[in-house]
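Worth knowing before you read on, the calculation uses all heavy atoms, side chains too, and leaves out hydrogens, waters and symmetry mates. None of the values given here were measured: they were computed from a predicted structure.
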Amino acid sequence: MPNSSKQLNQTFLHNVEPQSEIPVVNYPTYNRENIEIGIVHLGLGAFHRSHQAVFTEQLLNLQNGGDWGICGVTFRNQALQTQLQKQDNLYTMAVLDVQHSFQVVGAIKEVLVVKTQVQDVLGRMAAGTTKIVSLTVTEKGYCLNSAGKLDESLPGIIQDLKTPANPTTAIGLLVCALHMRFKQGDKPFNVIPCDNLPDNGHKLKSAVLQFAQQQSKELAVWIEQHVQFPNTMVDSITPQTEPETIDLIQEKLGFTDTAPVQREQFSQWVIEDCPEMERPEWEKVGVIFTDNVASFEHAKLRILNGLHSALAYIGQLKGYQSVFEAISDKQIKAFLINLVDNEIIPTITPPKGLDLHNYSRAIIARFENPKIKHLLSQIANDGSVKIPVRTLAPIQSNISAARSYQSLSMVVAAWIHFIRQSYINDKVLNDPRAQDLISAVAQFKDNDEQDVASFLSLKGLLPESLENNESFLLSVQRAYKEVL
Ligand code: CS2
């Protein structure tokens with residue numbers, strides 16, 4: 001019988017029966033004390049803990065997994081640090097799918113907080129034992145403008161450029177730690193970005209170089225020549241942890257874990273192959289290394305994330321809260337199928353062997369997973385950085401190929417309505433450009449044409465090729481009238 005007083009921690013792990021009565025739970029099979037930290041991860045959110053940390057865990061569980069323990073860095077979340085420290089940084093990853101299964105993850109050995117321990121974070125990044133710095137800092141964490149370059153007008157970047165030894169942003173941290181290694185005469189670490197941005201490695205590299213150039217030209221040249229920034233594609237639906245998952249773990253596994261994560265069964269990680277990069281042998285646990293990340297990225301960002309954003313805005317306007325609820329609406333599902341078949345798939349050149357029709361249907365089936373409550377409000381966050389990648393990019397491709405894009409325009413229109421509704425109902429809009437977006441909709445005059453035109457003329461919102469594009473404007477104006 002489960003004993004409810006047990007707390008997940010190292011002592012618990014030492015005493016756990018290797019042949020657990022519960023076949024669905026796996027514990028670390030390696031000795032955590034013998035593993036050095038080789039990876040610093042910036043952005044210790046649920047996604048990292050359910051994805052990259054789990055692939056690393058699976059590798060460590062094989063014999064001779066290597067010194068690839070992780071130092072997880074959160075920017076502000078001291079509560080998570082406290083929770084994890086109580087558990088010796090162990091936590092459970094719960095797979096909520098057709099069948100439940102659980103993995104206790106030991107790969108994270110240390111948790112640091114930038115806000116209170118920035119020098120410790122830098123020390124760990126600058127240590128010669130750190131071979132890789134990976135990131136999940138969300139799209140906005142890359143501090144890019146709509147042209148994909150470092151946005152030097154952002155307050156965080158302005159501040160970090162002024163006080164580079166005391167950084168607050170991911171870009172500032174990377175440059176400062178690389179500078180320390182450069183001055184020490186050490187080899188650099190390599191950088192693996194894991195956020196939903198096309199060309200994430202190259203974009204991050206260019207932002208880092210732009211920042212570094214302002215510190216020292218030699219540093220910038222050294223980074224340019226010696227630091228690898230592979231592009232990657234990551235995929236696994238990981239909603240915020242629900243209290244029910246904590247209860248489920250208590251009930252099924254018999255221990256208390258106050259910081260578990262939950263995700264679906266599906267998990268994929270594609271990384272650009274950089275042969276000279278020292279890294280874990282993740283390919284042994286299913287990670288794909290390829291020189292064609294771009295086509296995986298396009299397929300995933302435009303189909304999965306593109307449909308997600310469509311659901312997030314259209315679904316909430318119709319009063320739904322979760323992906324599962326919205327996809328269960330027949331009209332919405334039919335809209336998504338039409339959208340993906342006619343306006344998204346034609347814009348993608350798939351990687352060899354990937355059938356985009358089947359891929360899209362498998363994604364819709366993943367949305368239909370009733371075990372996962374993925375809140376539309378979570379996906380709706382940060383539209384100003386997601387919509388350009390997920391919706392405007394396929395619109396641009398369709399325009400160049402003279403194809404229709406009316407359903408994609410509907411997504412843009414739903415986004416504008418969503419912002420307007422947030423303003424009317426006095427709801428917080430989570431978006432790096434929240435202020436601009438809210439002031440734009442605050443000036444709406446209930447004249448649809450004018451309102452849409454003034455919204456879309458916000459500086460830096462649209463890629464250059466869509467600014468002043470009459471047919472695009474007309475298409476969104478038409479959709480804006482129809483969407484509600
Ligand atoms: C979602 C993603 O919140 C969002 O924007 O579209 O987090 C999505 O769940 C993941 O990319 C799935 O891999």
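Using a 4.5 Å cut-off on side-chain heavy atoms (C-beta onward), F47 and D195 make no contact. Put simply, the side chain of Y320 does not reach to within 4.5 Å of the side chain of I314, judged on heavy atoms. Residues I363 and S360 fail the side-chain proximity criterion, which asks for heavy atoms closer than 4.5 Å. L60 places none of its side-chain heavy atoms less than 4.5 Å from the side chain of P28. Contact annotation: the side chain of I288 never approaches that of I271 to less than 4.5 Å [non-hydrogen atoms, C-beta and beyond].
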- Message: If you apply the rule salt bridge (charged side-chain N to carboxylate O under 4.0 Å, His left out), what do you find for D341 with R361, and how did you get there?
- Response: CA-CA 10 Å; D341 285 353; R361 294 312 187 266; 2.8 Å; yes
- Message: What verdict does the side-chain contact (heavy atoms from CB on, under 4.5 Å) test give for L197 and V385, after you've listed the backbone C-alpha separation in whole Å, the side-chain angles of each residue and the deciding distance to 0.1 Å?
- Response: CA-CA 9 Å; L197 279 178; V385 276; over 6 Å; no
- Query: Hey, mind stepping through E272 and T232 against side-chain contact (heavy atoms from CB on, under 4.5 Å) and telling me if it holds?
  - Reply: CA-CA 6 Å; E272 185 180 349; T232 69; over 6 Å; no
- side-chain contact (heavy atoms from CB on, under 4.5 Å) between K373 and E325: does it pass, once the steps are laid out? CA-CA 9 Å; K373 187 170 172 199; E325 279 172 18; 5.7 Å; no
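Evaluation of the side chain to side chain donor-acceptor pair (under 3.5 Å) rule for W282 yields T56 as partners, not counting sequence neighbours. Taking Q331 as the reference, K318 meet the side chain to side chain donor-acceptor pair (under 3.5 Å) condition, with sequence neighbours excluded.
For the pair R49 and Y91, the cation-pi criterion (under 6.0 Å, within 45° of the ring axis) is fulfilled.
The aromatic rings of F444 and Y480 sit perpendicular, their planes meeting at an angle over 60°, well past the 30° parallel limit. The aromatic rings of F55 and H51 sit perpendicular to each other, their planes meeting at more than 60°, with 30° as the lower class boundary.
Inspection of the N9 and D88 side chains reveals no N or O donor paired with an N or O acceptor under 3.5 Å. Between the side chains of Q316 and Q421, no donor-acceptor pair is found at a separation under 3.5 Å. N342 and S407 are not linked by any side-chain donor-acceptor pair at a separation below 3.5 angstrom, with hydrogens and angles left out of the test.
Between R478 and D448 there is no salt bridge, since no side-chain N of the basic residue sits under 4.0 Å from a carboxylate O of the acidic one. By the 4.0 Å N-to-carboxylate-O rule, E264 lies too far from K371 to be salt-bridged with it.
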Give every donor-acceptor pair under 3.5 Å between a side-chain atom in residues 392-402 and any protein atom, sequence neighbours left out.
residue	atom	partner	partner atom	Å
Q396	NE2	S465	OG	2.7
S397	OG	R302	NH1	3.3
S397	OG	A393	O	3.3
N398	OD1	R403	NE	2.8
N398	OD1	R403	NH2	3.2
N398	ND2	E343	O	3.0
N398	ND2	P394	O	3.3
S400	OG	Q396	O	2.9

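Nearest heavy-atom pair, I249 versus P260, reported as atom, atom and distance to 0.1 Å: CD1-CB, 3.4 Å. Heavy atoms only, all atoms of each residue included: L90 and L84 are closest at O-CD2, 3.9 Å. Heavy atoms only, all atoms of each residue included: Q477 and A453 are closest at NE2-CB, 4.1 Å. Residue V118 comes nearest to P167 through the heavy atom pair CG2-O, 3.4 Å, listed as atom of the first residue, atom of the second, then distance. The heavy-atom pair separating L456 from L461 by the smallest distance is CA-CD2, 4.3 Å. The shortest non-hydrogen separation linking I108 to G72 is CG2-N, 4.3 Å.
Tested against K333, the residues N338, I364, L311 include a single side chain to side chain contact (heavy atoms under 4.5 Å, CB included) partner, I364.
Interatomic distance, Q450 CD to K445 NZ, rounded to the nearest 0.5 Å: 7.0 Å. The distance from atom CG of D151 to atom CD1 of I171, rounded to the nearest 0.5 Å, is 11.0 Å. A distance of 11.5 Å separates OG1 in T169 from CD1 in I158, rounded to the nearest 0.5 Å. In this structure, K203 NZ and L150 CG are separated by 13.5 Å, a value rounded to the nearest 0.5 Å. Separating the CD1 atom in I387 from the OG atom in S309 is a distance of 5.0 Å, to the nearest 0.5 Å.
Residue Q85 qualifies as enclosed at atom CD: its count of foreign heavy atoms under 6.0 Å is above 12. Within 6.0 Å of CD on E152 lie more than 12 heavy atoms contributed by other residues, nucleotides or ligands.
Between the Q83 side chain and the A259 main chain, no donor and acceptor come within less than 3.5 Å of each other. A donor-acceptor distance shorter than 3.5 angstrom exists from the side chain of T136 to the backbone of G43, with no hydrogens or angles considered.
Close placement of the F455 and W415 rings is indicated, their centers lying within 6.0 Å of each other. The distance between the ring centers of F255 and F12 falls below 6.0 angstrom. Between F367 and H308, the distance separating the two ring centers is shorter than 6.0 angstrom.
Listed by first then second residue, pairs satisfying salt bridge (Lys or Arg N to Asp or Glu O under 4.0 Å) with a partner in residues 375-399 read E139-R390, K140-D382, not counting sequence neighbours. The list of side-chain hydrogen bond (donor to acceptor under 3.5 Å, both in side chains) pairs with a residue in residues 423-434, not counting sequence neighbours, reads N381-N430, S384-D431, R433-D436. Among residues at least two apart or in separate chains, salt bridge (Lys or Arg N to Asp or Glu O under 4.0 Å) pairs with a member in residues 97-111 are E110-R124.
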